[in-house]
S.K.: 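There's a structure below that I have some questions on.
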Protein chains: 2
Amino acid sequence: MKKSATIYDISEKLNISAATVSRALNNHPKISIKTKELVLATAKELNYKQNTLAQALKSGKTNNVGIIVPYINSNFFSSVIRGIEEELSLHGYHVIICQSHEDVDLERKQLNTLLNAQVDGIFMSVSKTTQDISHIEAAKESNIPIIFFDRKKDIKGTSTVTIDDYKAGFEATEHLIKQGCKKICHLSGDLRLEIYQNRYKGYVDALRENNLRVRKDFIIPIESSIQGGVDAINALWSLPIQPDGIFSASDYAALGACQQLKKQKINIPNDVAIIGFSNEPFTQYMELPISSIDQTPDIMGKISAQVFLEYMNENFSGITIEKKVVLKPKIYIRKSSKRK
Amino acid sequence: MKKSATIYDISEKLNISAATVSRALNNHPKISIKTKELVLATAKELNYKQNTLAQALKSGKTNNVGIIVPYINSNFFSSVIRGIEEELSLHGYHVIICQSHEDVDLERKQLNTLLNAQVDGIFMSVSKTTQDISHIEAAKESNIPIIFFDRKKDIKGTSTVTIDDYKAGFEATEHLIKQGCKKICHLSGDLRLEIYQNRYKGYVDALRENNLRVRKDFIIPIESSIQGGVDAINALWSLPIQPDGIFSASDYAALGACQQLKKQKINIPNDVAIIGFSNEPFTQYMELPISSIDQTPDIMGKISAQVFLEYMNENFSGITIEKKVVLKPKIYIRKSSKRK
DNA sequence: TTGTAAGCGTTATCAC
DNA sequence: GTGATAACGCTTACAA
């Protein structure tokens with residue numbers, strides 16, 4: 001119940017002013033060593049804890065940043081967050097996590113409460129339903145750095161850290177082509193998101209560049225889930241022609257596809273070669289390990305944090321900084337797509 | 001660059017006092033509807049954002065809670081955090097995440113900066129290296145609720161939300177016995193942690209109760225990793241007698257064990273039945289799905305949050321509340337341990 | 001119903 | 001080197 005000690009408690013005990021105590025605590029240059037030591041000693045004795053809240057109010061800097069993601073418990077997002085936290089905690093920042101649940105209304109609310117909480121910066125990966133971006137543009141008015149990672153929006157004055165999804169889609173498809181696939185289908189994610197658009201475009205361009213036909217019925221929009229993959233296979237196998245290669249924008253769907261194909265005694269990779277996306281941990285553990293694209297979430301997190309720190313170092317004097325970092329995707333070829 | 005509007009900006013514009021503005025904004029009962037509407041309108045016009053920092057300083061309540069976990073990017077921890085966040089955000093709380101990296105020194109530091117930040121409560125799962133708990137006891141002095149989840153310490157006045165690891169260990173082992181296993185080994189986690197102690201005890205008691213011998217050389221301490229499981233198999237298969245059942249305190253080690261056994265053409269589950277722990281997503285995706293114990297992290301998170309909310313409702317008038325919630329583990333029997 | 005003024009715990013600016 | 005004081009933005013007795 002005892003309230004924690006303040007600088008006034010220290011100043012009273014020592015018969016000095018609170019200002020002096022503050023100076024002693026903050027390594028102010030103009031202070032005698034004696035008083036400083038005295039203050040430090042009594043601070044310890046009284047179990048004094050700096051009230052960062054008051055400090056924040058005074059200085060306008062909370063040393064908190066906000067992160068908004070659709071969900072925290074996915075390997076990708078939690079790994080990015082880990083990267084951000086590790087980098088920023090070295091610099092004294094705390095990280096506040098919010099989930100949007102893929103709901104733009106909730107995202108808007110979270111964004112606003114973060115602004116109310118006076119965070120020093122915001123990291124975000126937008127929700128699938130985020131079309132109207134006025135809430136983010138409004139947030140930009142507060143003049144705090146906004147850094148998008150992975151799922152970005154083009155907003156002036158904001159920075160982005162993404163991977164080259166186009167290239168990833170292109171390389172994944174090209175890899176399948178090199179394995180001899182001629183009829184490659186694409187299990188696409190939610191095309192409202194740029195990342196899935198880009199993977200899709202990469203796929204299409206890789207086909208075109210290799211003079212392979214792009215068939216509309218080979219583009220299957222799916223949920224990122226095992227069931228999504230199962231359904232896709234069922235849909236494809238009710239068509240007159242079946243694919244001999246699958247580029248899935250989701251590892252979970254790739255897994256579902258594998259399971260469904262095995263059920264039908266279709267050989268992977270020889271009848272159908274498969275590559276997924278995200279390099280989910282499970283892909284490498286399978287008896288038939290699944291090829292995938294790694295998005296290097298740890299690096300994405302660390303770099304996002306660094307971009308933020310750069311903002312803060314620029315002292316933020318009204319200059320708009322924009323930094324667009326594009327990371328290289330890393331392709332992992334495993335059994336599911338490696339033909340002899 | 002423009003600083004955000006304060007209640008003073010509103011009060012000036014309307015020629016009323018800041019107090020009235022504050023009242024209007026906070027649904028104070030004694031205020032005329034007219035002024036209230038006027039205030040709300042100008043607030044919107046000036047794009048006023050409540051500065052929760054100032055409010056927090058005044059009220060002594062930040063509406064922030066801290067969470068300390070070893071790592072955020074594990075399925076278990078991120079799922080618990082998700083549960084906590086979902087429950088608390090409904091009540092206006094924000095969640096600050098810290099990682100201890102299994103290092104008690106870092107844990108202590110994180111705990112202290114959370115206290116400095118005046119969080120309203122702390123959720124934590126202690127690190128493996130946390131033997132000395134003085135930092136947590138000291139934190140208790142601040143009289144804020146401390147809720148341990150999963151990895152707890154017995155500290156007066158704190159609450160805990162855990163699963164019954166003893167029962168889980170007992171049931172897992174009993175299940176193997178029922179499958180006909182006579183020589184069951186245990187891949188144990190770091191026994192400095194209570195959870196692993198309890199799983200181990202459950203294992204031992206299940207053997208005893210079924211009149212099976214407890215062999216010291218069948219207790220293999222492992223790292224929670226695939227390699228850990230591989231190493232354990234190698235160690236076991238250099239013994240004069242080999243096990244016919246494995247209870248692993250880690251799914252990753254269980255997976256490594258499976259892989260290594262398959263290499264040696266040993267049949268799972270008939271030669272050796274295996275059950276892991278944590279119900280990691282991958283366990284069910286395998287071609288040979290791995291039996292496991294689910295710790296219901298989502299429920300653990302939600303309940304932890306509810307325990308915290310109870311504290312806050314008790315108005316916290318010097319009463320010490322202790323709540324010890326023990327959740328029931330959920331056993332998932334899959335192919336790796338199901339004999340015909 | 002509204003205004004005045006004090007206070008939450010710090011720190012920065014002036015004086016001395 | 002140190003002290004007094006104002007200020008950060010908000011809430012809340014107490015008055016009016």
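Note that these values count all heavy atoms, side chains included, but never hydrogens, waters or copies made by symmetry. Just so it is clear: chains get the letters A, B, ... in the order the sequence lines come, proteins before strands, and each one is counted from 1.
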S.K.: Check nucleotides 6-9 of chain C for protein N or O atoms closer than 3.5 Å to its own N or O atoms and list the pairs.
M.R.:
{"from": "C/dG9", "atom 1": "N2", "to": "A/A54", "atom 2": "O", "distance (Å)": "3.4"}

S.K.: Charged N to carboxylate O below 4.0 Å: is that the case for A/E102 and A/R151?
M.R.: yes
S.K.: Keeping to residues at least two apart or across chains, list the side chain to side chain donor-acceptor pair (under 3.5 Å) pairs with something in residues 18-31 of chain A.
M.R.: A/S17-A/T20, A/S22-A/N26, A/N27-A/K36
S.K.: Given side chains that start at C-beta, do those of B/I321 and B/V307 come closer than 4.5 Å, heavy atoms only?
M.R.: no
S.K.: Inspect the contact between B/E86 and B/K302 and indicate whether a charged nitrogen and a carboxylate oxygen are less than 4.0 angstrom apart.
M.R.: yes
S.K.: Report yes if some heavy atom in the side chain of B/I81 is under 4.5 Å from a heavy atom in the side chain of A/I97; otherwise report no.
M.R.: no
S.K.: Work out which heavy atom in B/N116 is nearest to a heavy atom in A/T52; give both atom names and the distance.
M.R.: O-OG1, 2.5 Å
S.K.: So if I take the C1' atoms of five pairs at each end of the helix from C/dT1-D/dA16 to C/dC16-D/dG1 and get each local axis, what angle do the two axes make, rounded to 10 degrees?
M.R.: 40°
S.K.: Between the protein and nucleotides 2-4 of chain C, list the N/O to N/O atom pairs that are separated by less than 3.5 angstrom.
M.R.:
{"from": "C/dT2", "atom 1": "OP1", "to": "B/S32", "atom 2": "OG", "distance (Å)": "3.2"}
{"from": "C/dT2", "atom 1": "OP1", "to": "B/T35", "atom 2": "OG1", "distance (Å)": "3.1"}
{"from": "C/dT2", "atom 1": "OP2", "to": "B/S32", "atom 2": "N", "distance (Å)": "3.1"}
{"from": "C/dT2", "atom 1": "OP2", "to": "B/T35", "atom 2": "OG1", "distance (Å)": "2.9"}
{"from": "C/dG3", "atom 1": "OP2", "to": "B/S17", "atom 2": "N", "distance (Å)": "2.9"}
{"from": "C/dG3", "atom 1": "OP2", "to": "B/S17", "atom 2": "OG", "distance (Å)": "3.2"}
{"from": "C/dG3", "atom 1": "OP2", "to": "B/T20", "atom 2": "OG1", "distance (Å)": "2.4"}
{"from": "C/dG3", "atom 1": "N7", "to": "B/R23", "atom 2": "NH2", "distance (Å)": "2.5"}
{"from": "C/dG3", "atom 1": "O6", "to": "B/R23", "atom 2": "NH1", "distance (Å)": "3.1"}
{"from": "C/dG3", "atom 1": "O6", "to": "B/R23", "atom 2": "NH2", "distance (Å)": "3.4"}

S.K.: What heavy-atom pair brings B/L106 and B/Q99 nearest, and what distance separates the two atoms?
M.R.: CD2-O, 3.7 Å
S.K.: Could you tell me whether the side chain of A/V119 reaches within less than 4.5 Å of the side chain of A/I144, counting heavy atoms only?
M.R.: yes
S.K.: What are the two closest non-hydrogen atoms of B/T158 and B/K324, and how far apart are they?
M.R.: O-NZ, 2.9 Å
S.K.: B/T113 and side-chain hydrogen bond (donor to acceptor under 3.5 Å, both in side chains): which single residue from A/Q50, A/H94, A/K49 fits?
M.R.: A/H94
S.K.: Considering residues at least two apart in sequence or located in another chain, which fulfil the salt bridge (Lys or Arg N to Asp or Glu O under 4.0 Å) criterion with A/K13?
M.R.: A/E45
S.K.: Please name the pair of heavy atoms, one in A/S78 and one in B/S78, separated by the smallest distance, quoted to 0.1 Å.
M.R.: CB-CB, 4.1 Å
S.K.: Could you tell me from which nucleotide to which nucleotide of DNA chain D, 5' to 3', there is an atom under 4.0 Å from chain A heavy atoms?
M.R.: D/dG1 to D/dG9
